[in-house]
S.K.: 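My structure is below; once you've seen it, I'll send some questions.
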Amino acid sequence: MPELPEVETVRRTLIEGGLVGRRIVRAQVLHPDAVRHPAPQEFAQTLKGRRIAGIGRRGKYLLLALDAGVLVAHLRMTGRLWLSLPEAEELVHTHVVFDLDDGRQLRFRDVRRFGGFHLLQDASDPAAPQGLRELGPEPDALRARDIRDACARHARLAIKGLLLDQRVVAGLGNIYVDEALHRARVHPARACGSLTQREHGRIADALREVLGEALANRGTTFLDFRDGTGEPGAFQEFLRVYQREGLPCRSCGTPIAKTRVAGRGTHYCPKCQKGDGFPSSTARTRTTTRSRPAKTSSGSRRAR
DNA sequence: ACATATTCCTGGGGGC
DNA sequence: TGCCCCCAGGAATATG
């Protein structure tokens, strides 16, 4: 799943591939779901002739600055955006193709169709996705004090849930939250209000460290991620907990456990990340054992 | 206002 | 071998 290091890797590889300065001679919308704003026809018409002036990023949003307007892309779970030769086979689930003035194409492919584009006048365009407008600081700029303040506002929330909230900090997803909390030696289900200042600091440090290392390895390719040239990342080789259930903790050898926190599959070391190593904390982890969401209603199963 | 559950979507994997 | 169900999860939306 593209999170901050993956989106940043796409940004850098698109720049290295020479996308900046290219003009879009045609935009083909092959599946309307991928274009969120404006309507596909206007989207394609407006983009025709636009020059790509620069490529930026905020959180998990990729921002293609045009000579007029900005094209915002979000890859969500399985989106891929890459430079391609026009004769390359068109893979299934290719939803948007931008023909460039150098004969190449910028292609967007997304198996699950969660990702897509917003074409905006500028950053303050009211059509901008709400998630982009409410985005919190980049992890680089996040200090222990920011975590402390956010924890004070959400004292009962699990720390994992807080870090996944893009309004608190931008760009984190399931992989890097699990990885950072392991490095910080904080149990993912710990209530925010129970964390110490020392732990706020460890979390801020761990986020910077793990994101930096992931970026240096061009992101994590578990299944789907590819960069702007179609290449996978390498950070999956260095993951300490994510998708390592039952494998030995790289710090202490204890088998990595998997549970569910904040509605997400959550990996952690039961020894390094104690849920109870805490004076008078009432926020004992209630969900540390491998829990099922209780199969509550039945609505989800009847959905299909 | 806040927190959690559901929804979208498809491919892959487990169970039988 | 094959079918069915479930699962993965970012973020919008719905519900508690």
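Note on naming: letters A, B, ... go to the chains in the order of the sequence lines (proteins, then strands), and numbering restarts at 1 for each one.
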S.K.: For the residue pair A:Y268 and A:H182, is the inter-centroid distance of their aromatic rings smaller than 6.0 Å?
M.R.: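 Centroid separation for A:Y268 and A:H182: 6.0 Å or greater.
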
S.K.: Answer yes if the side chains of A:K160 and A:T266 hold a donor-acceptor pair under 3.5 Å, and no otherwise.
M.R.: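 Side chains of A:K160 and A:T266: pair found under 3.5 Å.
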
S.K.: Is a donor from one side chain sitting under 3.5 angstrom from an acceptor on the other, for A:Q130 and A:E134?
M.R.: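 A:Q130 vs A:E134: donor-acceptor pair found between side chains.
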
S.K.: Round to a whole Å and report the spacing from NE2 of A:H118 to P of C:dG10.
M.R.: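 Roughly 18 Å, once rounded to whole Å.
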
S.K.: Which sits closer to the 5' end of DNA chain C, A:G263 or A:P129, going by the nucleotide each is nearest to?
M.R.: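 It is A:G263 whose nearest nucleotide is closer to the 5' end.
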
S.K.: For A:R76, report the nucleic acid contact type (base, sugar-phosphate, nothing); a contact means any heavy atom under 4.0 Å.
M.R.: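 Contact class for A:R76: base.
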
S.K.: Report which part of the nucleic acid A:F225 touches: base, sugar-phosphate, or nothing (heavy-atom distance under 4.0 Å, all strands).
M.R.: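 Since no nucleic acid heavy atom lies under 4.0 Å of A:F225, the category is nothing.
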
S.K.: Rounded to whole angstroms, how far apart are CD on A:Q130 and C1' on C:dG10?
M.R.: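 To the nearest whole Å, that distance equals 14 Å.
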
S.K.: For a quick check, tell me whether the side chain of A:R112 and the base of C:dA8 share a donor-acceptor pair closer than 3.5 Å.
M.R.: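 Donor-acceptor pair under 3.5 Å: yes.
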
S.K.: Could you check whether A:T220 and A:Y242, counting side-chain N and O atoms only, form a donor-acceptor pair closer than 3.5 Å?
M.R.: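 A:T220 and A:Y242 do not have a side-chain donor-acceptor pair below 3.5 Å.
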
S.K.: Whole Å only: how far is the CD atom of A:E134 from the P atom of C:dA11?
M.R.: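 Nearest whole value for this atom pair: 12 Å.
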
S.K.: Before accepting this row, confirm whether a basic side-chain N of the pair A:E16/A:R12 lies closer than 4.0 Å to the acidic partner's carboxylate O.
M.R.: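 No, A:E16 and A:R12 are not salt-bridged.
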
S.K.: Separation of A:D224 atom CG from B:dG12 atom C1', in whole Å?
M.R.: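 Rounding to the nearest Å, CG of A:D224 and C1' of B:dG12 are 11 Å apart.
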
S.K.: A:H31 NE2 to B:dC9 C1': how many Å, rounded?
M.R.: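 Result: 10 Å.
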
S.K.: Quick one: label A:G265 by what it contacts on the DNA or RNA (base, sugar-phosphate, nothing), any heavy atom closer than 4.0 Å.
M.R.: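 If one applies the 4.0 Å heavy-atom cut-off, A:G265 turns out to touch the sugar-phosphate alone, with no base involved.
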
S.K.: Using a cut-off of 4.0 Å on non-hydrogen atoms, how would the nucleic acid contact of A:M77 be classed: base, sugar-phosphate, or nothing?
M.R.: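 If one applies the 4.0 Å heavy-atom cut-off, A:M77 turns out to touch a base.
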
S.K.: In whole angstrom, what separates A:D165's CG from B:dA3's C1'?
M.R.: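 One finds 11 Å between C1' of B:dA3 and CG of A:D165, rounded.
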
S.K.: Classify the nucleic acid contact of A:L157 as base, sugar-phosphate or nothing, counting any heavy atom under 4.0 Å across all strands shown.
M.R.: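 Result for A:L157 = sugar-phosphate.
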
S.K.: Scan A:F222 against the nucleic acid and name what it touches under 4.0 Å (heavy atoms): base, sugar-phosphate only, or nothing.
M.R.: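 It contacts nothing in the nucleic acid.
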
S.K.: Whole angstroms only, please: what is the CG-C1' distance between A:L164 and B:dA3?
M.R.: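 That distance rounds to 14 Å.
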
S.K.: What is the distance, rounded to the nearest whole Å, between atom CG of A:L132 and atom P of C:dA11?
M.R.: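 Answer to the nearest Å: 11 Å.
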
